[in-house]
Every structure is written in C-alpha cells, then in structure tokens.
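This report refers to the structure that appears directly beneath it.
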Amino acid sequence: MIKAETLPAISQYLKDWNLSEVQLIAETHTSYIYKTRYNERSAILKILRALGAIDEKNAAAALTHFNGHGSIRVMHHSDAALLLEYAEGPDLRSLVTQGQDQEATAIIADTLNKLHSQPLPSRTQEFTPLRIWFRSLFARAQTSTDPFYTKAASIAEELLSAPQDTCVLHGDIHHENIILGDRGWLAI
C-alpha cells in the first residue's frame with residue numbers, strides 16, 4: 001500500500017532512482033518507510049514528513065559519513081527522502097528477550113566503536129555541534145532550582161570546553177536501531 005500523500009514523491013523516486021515494488025512497512029512521526037527494490041536488491045525508501053526533515057537531514061549526513069562502517073549505507077538522498085541499504089535480520093531486542101542482554105550490550109559497544117573510528121571530516125558544517133544539542137539543558141539549569149540540572153550542565157560544559165577524540169556521533173543508538181544485516185550488526 002502507498003500512502004496517497006507520498007504518491008507524487010514516490011513516483012518521482014521510482015523514475016529518478018530506478019525503484020520498483022514499493023510497499024509501506026512503517027509510518028512514524030518523522031517519515032513513511034517503504035521497502036522497495038533497487039538494483040535487484042531490497043532497499044528502504046524513507047519519505048520524510050515536515051517534522052522529520054531536520055532530523056533526517058542530520059541522519060543522512062551521519063550515515064553518509066559512516067559509509068557503511070558499522071552502519072547501513074545511504075544509496076541516494078534528497079531533502080525529502082533517503083534510499084537506504086536494507087538489513088533483513090532482527091534488531092537487538094531479540095537478544096534481550098532471550099536473556100542475552102550482555103551480548104546485546106557488547107554489540108552496541110562494538111557498533112559504536114566502528115562508527116566512532118571514522119575520521120572527522122574536514123567539512124563539519126552539516127553536523128550539529130553538541131553545544132547546540134545541549135542548549136535546552138543549559139537554559140533549564142539557569143532557571144531551575146533542581147540541583148540535578150545545574151550539576152548536569154556543569155559536567156556538560158566541562159566536557160564541551162575540552163573536547164577529546166572528536167567524532168561524528170550517531171545520536172539515536174538503542175536496541176531497535178541496530179539490526180542484523182548481510183554485513184553483520186548495523187546501525188540504522
């Protein structure tokens with residue numbers, strides 16, 4: 001099934017990216033996620049909603065930077081959509097439900113090590129600095145009487161003032177966002 005509101009975009013991507021067999025598999029607050037065929041293989045087409053345009057632009061930049069090293073690959077992207085490598089296997093929840101949380105945690109750590117081993121690109125303008133991501137914490141610490149916020153803001157300020165081992169962060173690592181694919185466990 002294809003959502004009517006995505007039909008014009010899908011028609012364009014079918015032509016531009018040479019896609020076929022488009023099937024809706026999920027709908028989130030940021031995007032419509034379709035399974036499709038690209039170059040004789042399964043792929044994921046994410047059509048972005050207005051709410052997802054900013055977050056997914058960051059995701060496309062990060063996944064492009066990781067270049068499949070610990071993550072799925074981006075095959076094409078535009079301001080309104082991403083075409084991504086398809087990982088068919090289970091996510092890490094399956095290990096947790098089988099009582100293998102330590103193994104799942106080790107896989108998360110290994111995946112993060114792969115992602116973070118990518119050298120920082122010379123151009124970093126497309127990535128949002130952590131100081132911007134932490135701005136709501138800093139603002140809350142200024143107005144809150146709760147010592148938790150002032151302590152957390154103080155720690156964040158200390159770490160941000162003396163960065164070490166700077167790298168591009170994934171930003172949304174959790175058990176559902178690491179999936180088993182043909183190339184092993186991959187962050188999506």
Side-chain angles (χ1 to χ4, degrees), residues 1-3 6 9-10 12-14 16-49 51-121 126-128 165 167-188:
M1 178 172 120
I2 294 176
K3 290 293 211 176
T6 65
I10 287 177
Q12 190 64 46
Y13 294 119
L14 284 170
D16 293 349
W17 295 345
N18 195 27
L19 306 179
S20 63
E21 302 177 32
V22 177
Q23 175 187 2
L24 182 69
I25 59 170
E27 191 175 328
T28 71
H29 64 284
T30 62
S31 58
Y32 297 97
I33 302 168
Y34 293 92
K35 184 176 178 184
T36 187
R37 299 289 293 170
Y38 172 73
N39 289 342
E40 307 297 321
R41 298 196 62 166
S42 294
I44 294 295
L45 174 63
K46 286 182 85 171
I47 303 288
L48 308 180
R49 294 178 168 200
L51 183 61
I54 293 171
D55 283 348
E56 294 297 342
K57 182 179 177 185
N58 290 332
L63 288 171
T64 300
H65 167 74
F66 299 140
N67 194 28
H69 191 74
S71 71
I72 58 168
R73 289 187 172 103
V74 176
M75 295 174 293
H76 291 286
H77 67 89
S78 70
D79 287 342
L82 292 94
L83 184 65
L84 305 168
E85 173 183 8
Y86 181 66
E88 287 190 65
D91 62 33
L92 289 175
R93 289 177 303 174
S94 62
L95 292 177
V96 174
T97 59
Q98 297 168 19
Q100 298 174 310
D101 192 44
Q102 285 187 322
E103 184 177 342
T105 301
I107 290 167
I108 291 172
D110 182 58
T111 301
L112 286 170
N113 284 334
K114 287 176 184 173
L115 297 174
H116 296 163
S117 71
Q118 294 300 98
L120 194 65
E126 60 212 17
F127 302 109
T128 305
D165 302 324
C167 64
V168 174
L169 299 176
H170 182 283
D172 194 23
I173 289 291
H174 54 81
H175 289 74
E176 293 177 23
N177 273 359
I178 299 178
I179 297 177
L180 187 59
D182 292 343
R183 298 182 300 108
W185 290 99
L186 304 170
I188 62 169

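Reckoned from all heavy atoms, side chains included, excluding hydrogens, waters and symmetry mates. Just so you know, residue 1 is the first one in the sequence shown, and it goes up from there.
Phe66 and His170 have parallel rings, their planes meeting at less than 30° on a 0 to 90° scale where 60° marks the start of perpendicular.
For the pair Gln118 and Val168, the minimum side-chain heavy-atom distance is 4.5 Å or more.
In terms of heavy-atom proximity, Ala87 sits nearest to Gly181 at CB-CA, 3.9 Å. Across all their heavy atoms, Ser71 and Arg183 have their closest contact at O-NH2, 2.8 Å. Between Leu63 and Ile72, the shortest heavy-atom distance links the atoms CD2-O, 4.1 Å. Looking at every heavy atom in both residues, Tyr38 comes nearest to Asn18 through CD1-O, 4.2 Å. Gly68 and Arg73 get closest at one heavy-atom pair: CA-CG, 3.6 Å. Minimum interatomic distance between Tyr34 and Val22 (heavy atoms only, all atoms of both residues): CD2-CG1, 3.4 Å.
A side chain to side chain contact (heavy atoms under 4.5 Å, CB included) with Ile44 holds for exactly one of Ile25, Thr36, Ile188; it is Ile25. Tested against Asn177, the residues Thr111, Asp91, Asp172 include a single side chain to side chain donor-acceptor pair (under 3.5 Å) partner, Asp172.
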Give the intermediate values and the outcome of side chain to side chain contact (heavy atoms under 4.5 Å, CB included) for residues His175 and Asp101.
-> CA-CA 10 Å; His175 289 74; Asp101 192 44; 3.6 Å; yes
Would you check, one step at a time, whether the test side chain to side chain donor-acceptor pair (under 3.5 Å) holds for Ser78 with Tyr13?
-> CA-CA 10 Å; Ser78 70; Tyr13 294 119; 2.7 Å; yes
Yes or no on side chain to side chain contact (heavy atoms under 4.5 Å, CB included) for Ile179 and Leu186, after CA distance, side-chain angles and deciding distance?
-> CA-CA 5 Å; Ile179 297 177; Leu186 304 170; 5.9 Å; no
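Rounded to the nearest 0.5 angstrom, Ser42 OG and Leu84 CG are separated by 13.0 Å.
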